[in-house]
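Notes follow the structure.
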Amino acid sequence: MSGGFKSYVNMNEVEKTEPESQKKDVKKIANEVFGGPMEPKLLPGELVIAEGHNVLKFNSTDDFNHGVSGALFCTNFKISFVTANRSSYDLGELRQRNQLLSEHDIALTCVEAVYQVWNGKKKRLPPGSNIQGRVGILEIHCKDFRILPFSFKFTPKEAERNVVNAILHHAFPTSLDLLFAFEYNPGKNLRIGIADTPEFRAVKDWERELSRVHPSGWRVSFANTNFKMSDTLPEQFIVPSSLSDHDLNNSSPHFVDGRVPLWSWSHQNGSSLVRMVELRSDTTQTQYLERHCLPSTQVVPLMLRAIESTHPERTKASVIDLARLCPSPKYIQVAYYKLRDLCMPASAEDFWAADQKWYSLLDGTKWLQCVSACLSVSSAVAERIAGSRQTVVLREYDGRDLSCVVASVVQLILDCHTRTLVGFQALVQREWVVCGHRFTDRLHHVHAKDKDNEESPVFLLFLDCVWQLLQQFPSCFEFTETYLTTLWDSARVPLFATFLFNSERDRYVACMDAKRDKNDNTSPTLMPVWDWSLQFSDQDRLLFNNPLYGGKLAEYFPEHPSNGPTVVPPNPTNTLGSFKSRNKWKSKKKKQAGASTQVSFTTPSTPSFNGPLFPINIGAGLKLWTQCYMRWIPWAHTVGGGPPSEYFHQCLLVDELHILNMKIHSLEMSKPDEHNTSRESGMFFTFESPRGFDANDSLTSAFPYSPIGSMDRKSIVGTPLFSFLRRMSVSSYNGAAANGDD
């Protein structure tokens, strides 16, 4: 770059320079690099609310010693930092590039808290407040565990105040209609590419699901058309055929939120998985209902008889009380806060101090205990369905939190279709989105002062459970951990409506209100998250493809025995115990030995990608999802190692297999080889063109999120965290994982 511009500014040296000369240099370089003033890339309907120039963005891990100079914008969608430093954007192809949010952008709904740092002291700024004086350094804490500090030292006071106040107001909306999803206006030419992912808002999607699993004695009900029976259930759902819509309408007032029992999934042996809420405890209302509807004492027996009638052997259904077996949403939130504090060190000193007590601090968060409980309950339920041939009814107070987790994990254990990309997305859409998980409350999208904070990352807990299964059975999932991390990140992007609402009715009402408020009386374009082409290029979406997936390898080895179905006999000793009785880790050898005698793990001798999965849910079988929780901590990164290095070599191997397979096919057909594009293998890294770099020098354990930065840092070799991460980097193939081998 010309003009003597320095992108990295030392604060001690800046004190001696003239601010006005810096302004001219920044604007001059901006014109040279961008061909005009520095401006953020705006989406249709996105507006700039406030902007400040000559802002310094610091690296939070560098104690505010060096910063990048640029302009900070607050729009109705994001906080965007635009810099003239071209090297800040030149990271090659080793980073996932989001087409909606650049490297220096933060979605407004991803902001956790805003702090003012002044003279070494940190003060949290209240949402919606107005700042009158100087801020100094503004520190933004994000929900993806990033910490982004900005200095307004050389920014005019009025611009600084406008930007800070805009962030404090727009990052904490007080109602859903203030989110960008209702302002986005892509135009009439937008084509949504989600044809393969059913949204379960039409009866054909439910009928297609019924035809896929072939359950006996179940039908699609229309009793909730126009949400006349329940505000939190979808308009169509599946119920026993023996129950008429009249029976459902008479029974629903007795259940919490009017949610009658609904079908989730059926096994090929005839057993089913059903979700049910508790009966209402309002005595006055109950007396009224008993005079006008079915008596409350007859409601549950009627429902259970109808559910049991769908089983070929008419066996008694097993009712599982999730409140006793799983952590509460409040418990999950407390554990999440502790995990966040551990994985968001404010400085290098905090990180290395925590490293000395890493295992005890991780244990103290109780996050992995929550994961263990959900996996344990899901495994036991799966064993009852597949082994004991018993229909299971999951009972939860309102049926919108832990029942979503357990019902989804059970299907992942038993149904290989849900382990494909499309099948998994359909699972989330069916069990979470349309069945009424409270995304608005649990993800804290709205910050209303007159409403209690009901935030709880239940959906993240579910994704962590899926990640644990992926680590133990890497050949059984079509997608990668990068896909799971990206899905969690997308849940906090206010453009997508998939994870915005508490229910389908809330979605419908919000659309009608927005349509009424518009001058042209048109409905807002609510975008689904499943159209990944809106966020990522074709190349970056290849990061979702798992090179170890058995369904992919079956194309090259169709006669391999691992491609056939494998039946895993359920483990009869894996019984259900209350969550409180399992609220302490078995850390001592004596306790570990006792636990190992009580729980055994049965695994197939020949792993099969389409067989059932019964995971290890205690002790060494569980790991910390480092890509999601520790990707922004440079001191924890391993250069040239970890799972990304394995992923690189796995991609090359599969790509080479694809090339060889194409050549063999070409020779058999006596035709010239027309398949010269190795991209057809669907791998991000390719054998013929491995992107001209050495994986040992270019990849870090945070790939594809955090680029390799300054390596002028203390080594983690020999520390407890290094031992932990080294164990995380070892391949966990199906057989080894099932036996608990490190």
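Only a predicted model underlies this, so the values are computations on that prediction, with no experimental measurement involved.
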Rounded to the nearest 0.5 Å, what separation is found between the [atom1] atom of [X] and the [atom2] atom of [Y]?
X    : Y    : atom1 : atom2 : answer
T155 : R134 : OG1   : CZ    : 7.0 Å
D464 : C628 : CG    : SG    : 7.5 Å
F536 : Q99  : CZ    : CD    : 8.5 Å
T626 : I633 : OG1   : CD1   : 10.0 Å
S151 : N54  : OG    : CG    : 11.0 Å
C404 : F459 : SG    : CZ    : 10.0 Å

What about the rings of F424 and F544, do their centers lie closer together than 6.0 Å?
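That pair fails the under 6.0 Å test.
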With a 4.5 Å cut-off on side-chain heavy atoms, are [Y] and [X] touching?
X    : Y    : answer
F73  : I49  : no
E454 : P329 : no
P615 : Q468 : no
T75  : K78  : yes
V164 : F152 : yes
K57  : P149 : no
Q627 : P704 : yes
V405 : C326 : no

Of all the heavy-atom pairs spanning [X] and [Y], show the shortest one and how long it is.
X    : Y    : result
E51  : A159 : O-CB, 3.8 Å
S408 : F462 : CB-CE1, 3.3 Å
C651 : F684 : SG-N, 4.3 Å
F172 : A113 : CZ-CA, 4.4 Å
L402 : P327 : CD2-O, 3.4 Å
L368 : K623 : CD2-O, 3.4 Å

Quick one: salt bridge (charged side-chain N to carboxylate O under 4.0 Å, His left out) partners of [X], sequence neighbours excluded?
X    : value
D105 : none
E112 : R340
R124 : none
K122 : E139

Worked check of side chain to side chain contact (heavy atoms under 4.5 Å, CB included) between I616 and L622:
CA-CA 7 Å; I616 299 174; L622 298 181; over 6 Å; no
With under 30° as parallel and over 60° as perpendicular, where do the rings of Y629 and W625 fit, or are they tilted in between?
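Y629 vs W625 ring planes: perpendicular.
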Does the plane of the ring in F81 sit parallel, tilted or perpendicular to the ring in H104? Use 30° and 60° as the thresholds.
perpendicular
Are a donor atom and an acceptor atom from the side chains of [X] and [Y] found within less than 3.5 Å of each other?
X    : Y    : value
Y705 : T700 : no
S490 : Q535 : yes
W635 : D355 : no

Side chain [X], main chain [Y], donor-acceptor under 3.5 Å:
X    : Y    : answer
H445 : D441 : no
N453 : E455 : yes
S378 : C374 : yes
N165 : I131 : yes
K143 : T109 : yes
R146 : I140 : no
T486 : T482 : yes
S701 : T638 : yes
Q472 : G621 : yes
T365 : L362 : yes

All side-chain contact (heavy atoms from CB on, under 4.5 Å) counterparts of S328, not counting sequence neighbours:
K330, Y331
Restricting to side-chain contact (heavy atoms from CB on, under 4.5 Å), what partner residues turn up for Q116, sequence neighbours left out?
W118, K123, L125, V135
With sequence neighbours left out, what residues match [X] under side chain to side chain donor-acceptor pair (under 3.5 Å)?
X    : result
H169 : none
Y483 : Q425
N546 : none
Y115 : none

Side chain to side chain contact (heavy atoms under 4.5 Å, CB included) between L461 and Y336, intermediate numbers included
CA-CA 9 Å; L461 178 64; Y336 171 78; over 6 Å; no
Can you list the residues that meet the ring-ring contact (aromatic ring centres under 6.0 Å, His included) rule with H437, with sequence neighbours excluded?
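Residues passing ring-ring contact (aromatic ring centres under 6.0 Å, His included) with H437: W432, F439.
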For a side chain to side chain contact (heavy atoms under 4.5 Å, CB included) check, start with the C-alpha distance between D401 and R442, then their side-chain angles and the critical distance, and finish with the verdict.
CA-CA 9 Å; D401 286 309; R442 296 310 188 202; 2.7 Å; yes
Take L484 and F477 through the test side chain to side chain contact (heavy atoms under 4.5 Å, CB included) and record every step on the way to the result.
CA-CA 11 Å; L484 295 175; F477 290 83; over 6 Å; no
Once salt bridge (Lys or Arg N to Asp or Glu O under 4.0 Å) is applied, what residue pairs with a partner in residues 482-495 remain, sequence neighbours excluded?
D489-R492, D489-R631
